[in-house]
Structures are given as C-alpha cells and as structure tokens.
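Working notes, structure below.
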Amino acid sequence: MTPDRAAGLAESARALADGEVTSRTLVEQALARIEATQPVLNAFRVVRAEAALAEADAADRELAAGVRRPLLGVPVAVKDDMDVAGEPTAFGCPGDFPPVAQDGEAVRRLRAAGAVIVGKTNTCELGQWPFTEGPAFGETRNPWHTGHTPGGSSGGSAAAVAAGLVPAALGSDGAGSVRIPASWTHLIGIKPQRGRISTWPHGESFHGITVNGTLARTVADAALLLDAASGNHDRDPHRPPALTVAEAVGRDPGRLRIALSLKPPFTAVPARLRPEIRARVRELAEKLAALGHTVEEADPPYGQIGLTFVPRATAGIADRVREAPDAALLDPRTRDAARLGRLLGGAPLRAARRAETVLHRRIGAFFKSYDVVLAPTTAAPPPAIGALYRLRGLATDRAMIAACPYAWPWNVLGWPGVNVPAGFVGALPVGAQLLGPAHSEPLLVSLAAQLEAELHWHERWPPQQADRDSTAA
C-alpha cells in the first residue's frame, strides 16, 4: 500500500484483517490526501477528521480482538445528500443546515459493516445537474484534468475515488448522477435496483427516480460496497429481494445477447452523440463480440418516456426546497424548478407514476430478445469548469440534455445500470452503460468484470497533482 493513493476497498479490508496495516494508518493517510488536494479538487463538503480517527481507533481495537466485518476499519466517503449523525446534510445548498441526529439507513449499514466515514462529498444544489459547482462550496474539479468538471451530481464522490483519496464512495443517481461522474472520471459506477440501497429517511427520493449507488475503481470494489450498503429500513416502500452482488464478480456471464443502443431516448431538445464517443462505445461492443457475445444494434422502445420524468424530478425538487433553511439563497434555477414541481405535483405526478407500469411492460418485453443493453453514458466528454454552471434557465437544460441524454430513462424504470470506462477523448475519460431489467445487478456485474479482466482499465490513474496543475485550463 502506498500512502499517496488509496489501495482498493477489498485489498484494504484484507490487509486490515491480516494485521498488515491499522485502520488509524489508513484513515490518517486518507485525511492527509484530502487535505492536500482540497484546494484544487475540492471533493469534500465535510471532513470528519477527529471523529474518523476515533472510529479508526475503535476499529483497531475490534480487529485486535479478532472481530471481523466486511469493511472493518476501511475509510470511505458518502455524498452530502446522505445523513451522517452529527453532521449537516446540505445537499449542495447554501444556508445554515443543522447537524442531523441519526445516520441515514445506507450510512448505518456501512457502519455496521465496519466502514469509517471520513467525510461527505460535494454535490451540486439538490443534485440537479451534471456538474458539481455552486456558491455554497465552489468548484469540484476532475482529477484527470482540473480544468474540467468530474460530472454530477455525485462529482465529489467521483473525484475523491478517481484521485485515490478513498478506495470507494457512495453517491446517488436520479438522472445518471452516479453513472455520469463515473463515466467522466474513469470509474465503475453502479446504479442499483430501486430500493436495493435504502434512501431512508426519504422512503422515496425524488418520487422514486433517485437511488443510492457506488463508485469505485474496480468492479469488485463497487460490488463489495454495494453489498455492504444494501438493505432496507422497516418503512421503506421498495424492498427488492436480497442479492449478494459481489459473488457475481469473476462468474462467467455466459453468452449474452447484447443490444447496442446509440440513439438518444426521447428528449425535448436536440441531442447528438459525439463521433469520438460513438467510436469508443463501438470499440467496447467489438470487445464484447470478441468475448463470444452476440451484439447487434437495437434501441429499447422508450417512446415519450421523458414526459414521465419531469413531474417526478421537479416535484422532488419542490419537496427538498421546502426543507431548505433559506430558500432565497438557492440558485434561481432551483427555485424555478420548484415552482414547476408545485404545478406538476398533483395530477401530472400521479399520471407519471401510473405510466411506470406500462413502461415496465413495454421495455421489459425488449429483454425477451436481449439480455443487456450497451449504450453511451454521455453524449460528450466532461465540459470545462463553469461551462454549464454559468448558464441560466432553459440554456442549462438544453446544454445538460445535449451532453447527458442517455442515463435518465433507467431512473424512471428503477432498474440497474453500470457505467464502465470506455476509454478517453484526448485526456478526458468517457464511459458506457450496461443496462438490464429488474434485479439484474449480478448479470451486469459479471459482464462488467469480464470486460475489466480484458481491458485492465483500473490500472490507469490520473496524472499526479503537478501534472494536473500544468495542464489545467
């Protein structure tokens, strides 16, 4: 293990269990990396230095006593839309947010697995946009090129993992907010089945479109964190059958029928796949074919699925704005979205929720012909810092849809998706999604791990800090 970059999640857990390193050492190293990079990367909103070191010492006592838990003593991070007892949950917003009294269910389960939460990572305001910038915390930057965004809204978690500050982190995904930053930082990003990782104390986050997910450098680490965080609060409305996803890593997925889908789903404004990203995704398709899978171009029958997304998303923003300590401090775009959400929060929202059953039936029938969909995660590489943040109103929506038209339908459906690295456009990473039907996380993980074993994407790291500074825009 080298102190300048975190070892993997599974490797850290093994080394701790074998007595090769202490939790205090790993946590001290993680805190030092965070402190050193915070002025440039700005990945964290909250750093729990004192509390994390105390928790590390407690983990070391347990380890010395022979206690073994899946992540005992391993430092991880969580996104700042998740409750961590004693810390505020600002969710990217300005204002004076009080500390919360209890852990959210996902954090509680990570602690039960033994993880040490070193901090809470930055996210854009209420998770609305595919960039991580705002007046409450500044700009979070991409470790691969600090002139560019790591994406959003789980951009802080992605930056922290990609730079090796922590081995893995939790994010949340309401329109691609795990998969998009994973794509733009060369990571694995798992958006699981709705309810797989609890979003409690919000039984349904953003009316069911937002789920918690994992970011890591390897498929095995992303699956291990997923298993550790999975499970439900007694009052959760969505309770999928339990799975142990990590068992699928290294399992032969069999010969699969894969639909290569390059056409953006229904959008209200034009969206065009950049040719260099099309080329990277086609290269993945060719690799899958060489591995023995049948790959052919086909698009799921999305129809006008976008009409069911907007009421749920904007009504969810309206819900969260009501919880803000001072709504006047929020971005004008946030307040506009909340006003729209209040208008759509009645009959249109109920109609959008009813439409999900029809969509499940229609798009589910597509999976009688195919096992997995391979699609771009984004239509463009990561934008420059400020390129989207400086826009206003409709211009933001148009730019966001043009860059990221592919991820959000799976949030409407509530089904699993996994971002895998697809290579680079210049110095900037891009990714592709493996998408499946309900409860298909093991299949998607086994396929992603098969690709990883061939492509070794986890062996490539961002440039060190001096190199980043010299190339930053």
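Side-chain atoms are counted along with the backbone in the values below, which use heavy atoms only and exclude waters and symmetry mates.
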CA sep, side-chain torsions, deciding dist, call: W415, H360, ring pair (Phe, Tyr, Trp, His ring centres under 6.0 Å) | CA-CA 9 Å; W415 293 347; H360 281 168; 5.1 Å; yes
Worked verdict on V118 versus V47 for side-chain contact (heavy atoms from CB on, under 4.5 Å) | CA-CA 6 Å; V118 296; V47 180; over 6 Å; no
In sequence, state the C-alpha distance, the side-chain angles, and the governing distance for T149 and R141, and then conclude on side-chain contact (heavy atoms from CB on, under 4.5 Å).
-> CA-CA 5 Å; T149 181; R141 295 176 179 270; over 6 Å; no
Verdict with supporting geometry, I117 and L110, side-chain contact (heavy atoms from CB on, under 4.5 Å) | CA-CA 8 Å; I117 313 298; L110 282 186; 4.1 Å; yes
W457 and H186: CA distance, side-chain angles, deciding distance, ring pair (Phe, Tyr, Trp, His ring centres under 6.0 Å) verdict | CA-CA 8 Å; W457 49 57; H186 197 66; 7.5 Å; no
Take D299 and F366 through the side-chain contact (heavy atoms from CB on, under 4.5 Å) test and state the conclusion after the steps.
-> CA-CA 9 Å; D299 298 307; F366 184 79; over 6 Å; no
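Aromatic pair W184/H148: ring centres not closer than 6.0 Å.
Checking Y389 against E139 by side-chain atom types alone, no donor-acceptor pair falls below 3.5 Å. One side chain, T334 or E125, offers a donor N or O that lies under 3.5 Å from an acceptor on the other. No side-chain donor from either of T377 and S183 sits under 3.5 Å from a side-chain acceptor of the other. Side-chain polar atoms of D80 and T123 form no donor-acceptor pair below 3.5 angstrom. No donor-acceptor contact under 3.5 angstrom links the side chains of N122 and T132, judged on distance only. Side chains of S198 and D236: a donor-acceptor N/O pair is present below 3.5 angstrom, by distance only.
R392 CZ: more than 12 foreign heavy atoms inside a 6.0 Å radius. Shown here is E35, whose CD atom has no more than 12 heavy atoms of other residues, nucleotides or ligands within 6.0 Å.
Side-chain contact between E297 and R282 is present, with at least one heavy-atom pair separated by less than 4.5 Å. Under the 4.5 Å side-chain criterion, counting only non-hydrogen atoms from C-beta, R111 is in contact with E55. Within the 4.5 Å cutoff, the side chain of R320 has heavy atoms near those of the S205 side chain. Residues L447 and L256 are in side-chain contact: their nearest non-hydrogen atoms beyond the backbone lie under 4.5 Å apart. A 4.5 Å side-chain heavy-atom check between T308 and L359 finds at least one atom pair inside the cut-off. Using a 4.5 Å cut-off on side-chain heavy atoms (C-beta onward), V245 and S230 make no contact. Put simply, the side chain of I385 does not reach to within 4.5 Å of the side chain of T140, judged on heavy atoms. P442 has its side chain within reach of L243: a pair of non-hydrogen atoms, C-beta onward, lies under 4.5 Å apart.
Using cut-offs of 30° and 60° for the angle between ring planes, the F131 and W129 rings count as parallel.
Partner T89 forms a side chain to side chain donor-acceptor pair (under 3.5 Å) with one of K79, K120, E323 and no other, that one being K120. For the salt bridge (charged side-chain N to carboxylate O under 4.0 Å, His left out) with D173, the lone residue among K191, R179, R196 that qualifies is R179. When each of D81, D331, I317 is paired with L126, the side-chain contact (heavy atoms from CB on, under 4.5 Å) condition holds for I317 and for no other. Between R194 and the options E204, E441, E356, a salt bridge (charged side-chain N to carboxylate O under 4.0 Å, His left out) holds for only E356.
Of the possible donor and acceptor atoms, one in the side chain of R312 sits under 3.5 Å from a partner among the backbone N and O of H207. In this structure, R335 contributes its side chain and L330 its backbone to a donor-acceptor pair below 3.5 Å. Side chain of N232 to backbone of G195: a donor-acceptor contact under 3.5 angstrom is found. Counting only distance, with no hydrogens or angles, the side chain of Y370 and the backbone of V295 share no donor-acceptor pair below 3.5 Å. Between the R108 side chain and the H233 main chain, no donor and acceptor come within less than 3.5 Å of each other. Side-chain N or O atoms of R272 include none that pairs as donor or acceptor with a backbone N or O of A402 at under 3.5 Å. A donor-acceptor distance shorter than 3.5 angstrom exists from the side chain of R217 to the backbone of H458, with no hydrogens or angles considered. Under a 3.5 Å cut-off, the side chain of E133 and the backbone N or O of G386 do form a donor-acceptor pair. In this structure, T199 contributes its side chain and H202 its backbone to a donor-acceptor pair below 3.5 Å. Here the side chain of T218 pairs a donor or acceptor atom with the backbone of D221 at under 3.5 angstrom.
For the atom pair E105 CD and R109 CZ, the distance stands at 4.5 Å (nearest 0.5 Å). If you take CH2 on W200 and CG on N212, they are separated by 14.0 Å, rounding to the nearest 0.5 Å. Atom SG of C124 and atom CZ of F137 lie 7.0 Å apart (nearest 0.5 Å). Interatomic distance, CG of L435 versus CG of L444, reported as 7.5 Å (0.5 Å rounding). In this structure, CG on L434 lies 8.5 Å from CG on N419, to the nearest 0.5 angstrom. Expressed to the nearest 0.5 Å, how far CG of L329 lies from SG of C93 amounts to 9.5 Å.
Heavy-atom minimum distance, V373 versus P300: CG2-CG, 4.0 Å. When every heavy atom of L215 is checked against every heavy atom of L170, the shortest pair comes out as CD1-C, 4.4 Å. Closest approach of T185 to A158, counting heavy atoms only: OG1-CB, 3.6 Å. For W144 against P462, the heavy-atom pair with the smallest separation is CH2-N, 3.4 Å.
Under a 4.0 Å N-O distance rule, the pair R280/E276 does not qualify as a salt bridge. At a threshold of 4.0 Å, the pair D371-R257 counts as salt-bridged, since one of the basic side-chain nitrogens sits closer than that to a carboxylate oxygen.
By the salt bridge (charged side-chain N to carboxylate O under 4.0 Å, His left out) test, R322 pairs with D319, sequence neighbours left out.
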